[in-house]
Amino acid sequence: MASWNSIPLEITYDTFGWLAFFSWSISFYPQVILNFRRKSVVGLNFDFVLLNLTKHSSYTIYNVCLYFSPVIQRQYFEKYGSGEMIPVAANDVAFSIHAVLLTAITLFQIVIFDRGTQKVSKISVGIVIAVWLIAAICFFIALPSQSWLWLISIFNSIQVFMTVVKYIPQAVMNFARKSTDGFSIGNILLDFVGGLANYAQMAVQSIDQNSWVNFYGNIGKTLLSLVSIFFDIIFMCQHYLLYPAKKATFRSKLEREGKEPLVKSLEETASENVKKIIHLNSL
């Protein structure tokens, strides 16, 4: 296994890694807190949460296995060379485990809080069932030959696929409602920072090793960053540019106030005075 050539780059690598961990980990809390305060999950797409749980579960399996299993690590070195570094860091393992826990909590909130007329689509349920069925089939295929690296690569591919799919329902829902109310933008901003830091971490490792195997050796981590950044930009555009609810409310209030005359007419003033007198006499 290769070692670091530059201590400053190693420190930078760890810094970006834990920045990604904290950004991505904290990104779950704004939505959980918003749901708790509102006692409602209206506006949060249930398909997004269900698909997200499958995504993080498969990513956890990949990270934990590659980080802790000597057998899988040996198979990795045999495939990519003994001079390469394992592309999974401690922060990747910590994040994926934490993500499964927080996504499960969000799913529990969907069960206990007001859901309005929203429900999980049959398409999403079908996707989740199909994904885990494929994973089970791949397990029995890998079992005779002990192809564990190939198997966890399947889970890595699953998490990439789910990363792409999971964002679509929420983006479509925001577009249909012309609003992002109920969907926390804090989640997206932190997710965006995490994606950038995660990609930067991989770049630092590649620069130190003078090798880009890190990127395609863990293509799932690479695509995770890029796909997350892409959809985060879409959500930010929806929230701040296309459907700025707070700005629209403030603007409509100003428009209503602008339509009211600065000085009321004498007839309006007299009419209001008469109404006040009649009201006092009736008391």
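Every value quoted in this text rests on a predicted model; they were computed, and no experiment measured them.
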Hey, does Phe95 have a side-chain heavy atom less than 4.5 Å from the side chain of His56?
yes
Evaluate the side-chain proximity of Leu189 to Val193: yes if any heavy-atom separation is below 4.5 Å, no if none is.
no
Does Ile123, at its CD1 atom, have more than 12 non-hydrogen atoms belonging to other residues, nucleotides or ligands within less than 6.0 Å?
no
Any non-hydrogen side-chain atom of Ser124 less than 4.5 Å from a side-chain atom of Phe48?
no
Tell me the salt bridge (charged side-chain N to carboxylate O under 4.0 Å, His left out) pairs involving residues 192-207, sequence neighbours left out?
none
OH-OG1 distance between Tyr59 and Thr163, expressed to the nearest 0.5 angstrom
8.5 Å
Show, in sequence, the C-alpha distance, side-chain angles and deciding distance for Asn174 and Phe235, and conclude whether the side-chain contact (heavy atoms from CB on, under 4.5 Å) test is met.
CA-CA 9 Å; Asn174 293 345; Phe235 287 128; 3.6 Å; yes
Taking the side chain as C-beta and beyond, is there a heavy-atom pair between Ile188 and His239 under 4.5 Å?
no
Do Val125 and Leu133 share a hydrophobic cluster (ILVMFWY, side-chain heavy atoms under 4.5 Å, transitive)?
yes
Within the 3.5 Å criterion, strictly below it, is a donor on Gln205 or Asp208 matched to an acceptor on the partner's side chain?
no
With a 4.5 Å cut-off on side-chain heavy-atom distances among I, L, V, M, F, W and Y, is there a chain of contacts connecting Val41 to Leu34?
no
Ignoring hydrogens and angles, tell me if any N or O in the side chain of Asp47 forms a donor-acceptor pair with the backbone of Ser121 under 3.5 Å.
yes
Has Lys122 got more than 12 heavy atoms of other residues, nucleotides or ligands less than 6.0 Å from its NZ?
no
I need the full list of salt bridge (charged side-chain N to carboxylate O under 4.0 Å, His left out) pairs touching residues 18-38, with sequence neighbours left out, sorted by first then second residue.
none
Atom CD1 in Ile152, atom CG in Asn63: separation rounded to 0.5 Å?
9.0 Å
Could you check if a side-chain atom of Phe36 sits within less than 4.5 angstrom of a side-chain atom of Ile105, using non-hydrogen atoms only?
no
Is Lys79 atom NZ crowded by more than 12 heavy atoms from other residues, nucleotides or ligands, each under 6.0 Å away?
no
Quick one: pull up OH in Tyr199 and CZ in Phe16 and give me the separation to the nearest 0.5 Å.
13.0 Å
Apart from Ile11 itself, which Ile, Leu, Val, Met, Phe, Trp or Tyr residues share its cluster (side-chain heavy atoms under 4.5 Å, direct or through members)?
Ile7
Phe139 side chain reached by Ile154 side chain, heavy atoms, under 4.5 Å
no
Under 3.5 Å, is there a donor-acceptor pair between the side chain of Gln118 and the main chain of Phe46?
no
Verify the ring-centre separation between Phe230 and Tyr167: is it less than 6.0 angstrom?
no
Counting only N and O atoms by type, is there a donor-acceptor contact under 3.5 Å from the side chain of Gln159 to the main-chain atoms of Ser57?
no
Side-chain contact test, heavy atoms from C-beta onward, threshold under 4.5 Å: evaluate it for Asn156 versus Leu66 and give yes or no.
no
Between Tyr80 and Tyr76, what is the ring plane arrangement, given parallel below 30°, perpendicular above 60°, and tilted in between?
tilted
So Val100 and Ser96, do their side chains get closer than 4.5 Å, heavy atoms only?
no
Ignoring hydrogens and angles, state whether a donor on the side chain of Ser27 or Asp191 is under 3.5 Å from an acceptor on the partner side chain.
no
Side-chain H-bond candidate by donor/acceptor type, Asn187 with Gln31, under 3.5 Å
no
